[in-house]
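Structure, as structure tokens:
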2 protein chains.
Amino acid sequence: MKLATEDFDRISKALADPQRRAILQKLAMTGKLNCSDVGAFFDVSQPTVSHHLKELATAHVVEKEKQGQFCFYHVNNEVLSAYVSELQRRLGLNAVLAAPHAR
Amino acid sequence: MKLATEDFDRISKALADPQRRAILQKLAMTGKLNCSDVGAFFDVSQPTVSHHLKELATAHVVEKEKQGQFCFYHVNNEVLSAYVSELQRRLGLNAVLAAPHAR
DNA sequence: TGATGATATAGATGTTCATCAATATGTTTA
DNA sequence: TAAACATATTGATGAACATCTATATCATCA
């Protein structure tokens, strides 16, 4: 999967905030949570949680799934993997793996 | 190599800014540059370049090497690799590799 | 239908931060 | 030593943003 520059930038920004990283990590560990559940883990207001989840969803690192009045979120592993790959590529960390061994 | 939480957070913040990512990528591509060289690639003032390089150095993703009046910078691959690994760990992206294939 | 509950939005506030101009510090060379 | 150059620091400014309270929207249930 290929990330557009715009997407890469947005994901970088989404991952810049510690609170958002904590929420994302919690989602990665638990698999799926609704908004209230996420909020229960952290000492921030409900609107703040909602805001962070929206940022993560806009960056496509999580996906939103509405079920009645609830709203479940789960991580998008494909996008996250693509992000990490692109990050490695830009930082030259995969040169050894990708290059056909430059003798 | 193991990253302390504080280091991980600082690196995340260092990578959050597009200009800093561009500088880091340029360093990764060229291997080693002094401050002026870096500045020549981008349309920002000298103090801004100096500031960004300092941020990157404080996060240990680049290393500073003073030679006379010049100051060379190069990426620290060990730290960057450790950062990416820790990021993958937190996001649960290495589960497939690490786990003995569920079932 | 009205009450309760879940989530989203609006608006405000304080903080962080990217950037710049000006200046300081340190180094080389004429 | 004086001038020229490389880099760092200081202080200011405007923008981005994390967070909150208050309120709106939407769904469920009695």
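What you see is a predicted model, and the numbers here were worked out from it, not measured in a lab. Just so we're on the same page: letters track the sequence lines, and every chain starts at 1.
- Under 4.0 angstrom from either OP1 or OP2 of D/dC17 there lies no side-chain N or O belonging to A/His52.
- The interatomic distance linking B/Gln69 (CD) with C/dG26 (P) rounds to 14 Å, in whole Å.
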Self-check item: Steps toward salt bridge (charged side-chain N to carboxylate O under 4.0 Å, His left out) verdict (A/Glu55, A/Lys13)
Solution: CA-CA 9 Å; A/Glu55 291 280 302; A/Lys13 208 158 65 176; over 6 Å; no
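- For the pair A/Lys64 and C/dA6, the criterion of a side-chain N or O lying under 4.0 Å from OP1 or OP2 is not met.
- OP1 and OP2 of D/dT19 both lie 4.0 Å or more from every side-chain N or O belonging to A/Ser45.
- In this view, B/Arg20 and B/His52 satisfy the side-chain hydrogen bond (donor to acceptor under 3.5 Å, both in side chains) rule, not counting sequence neighbours.
- With distances taken from any side-chain atom of B/Cys71 to the nucleotides D/dT7, D/dA18, C/dT7, the minimum falls on D/dT7.
- In the set C/dA6, D/dT7, C/dA10, C/dA10 carries the atom at the smallest distance from any side-chain atom of A/Pro47.
- Of the candidate nucleotides C/dT19, C/dT7, D/dT19, D/dT19 has the atom nearest to the side chain of A/Asp17.
- B/Val44 comes within contact range of the sugar-phosphate backbone alone, with a heavy-atom separation under 4.0 Å but no base atom that close.
- Nearer to the 5' terminus of DNA chain D, by closest-nucleotide assignment, is the contact made by A/Arg20 (compared with the other of A/Arg20 and A/Gln46).
- Between D/dA18 and A/His51, a contact under 4.0 Å exists linking OP1 or OP2 to a side-chain N or O.
- Remark: A/Lys66 is not in phosphate contact with D/dC26, judged by side-chain N or O atoms under 4.0 Å from OP1 or OP2.
- Listed pair A/Lys13 / D/dC17 meets the phosphate criterion, a side-chain N or O lying under 4.0 Å from OP1 or OP2.
- Within the structure, every side-chain polar atom (N or O) of B/Thr48 is placed at least 4.0 Å from both OP1 and OP2 of C/dT19.
- Nucleic acid contact class of A/Phe72 (heavy atoms, under 4.0 Å, all strands): none.
- Phosphate proximity of C/dA8 to A/Ser50: present, with a side-chain N or O under 4.0 Å from OP1 or OP2.
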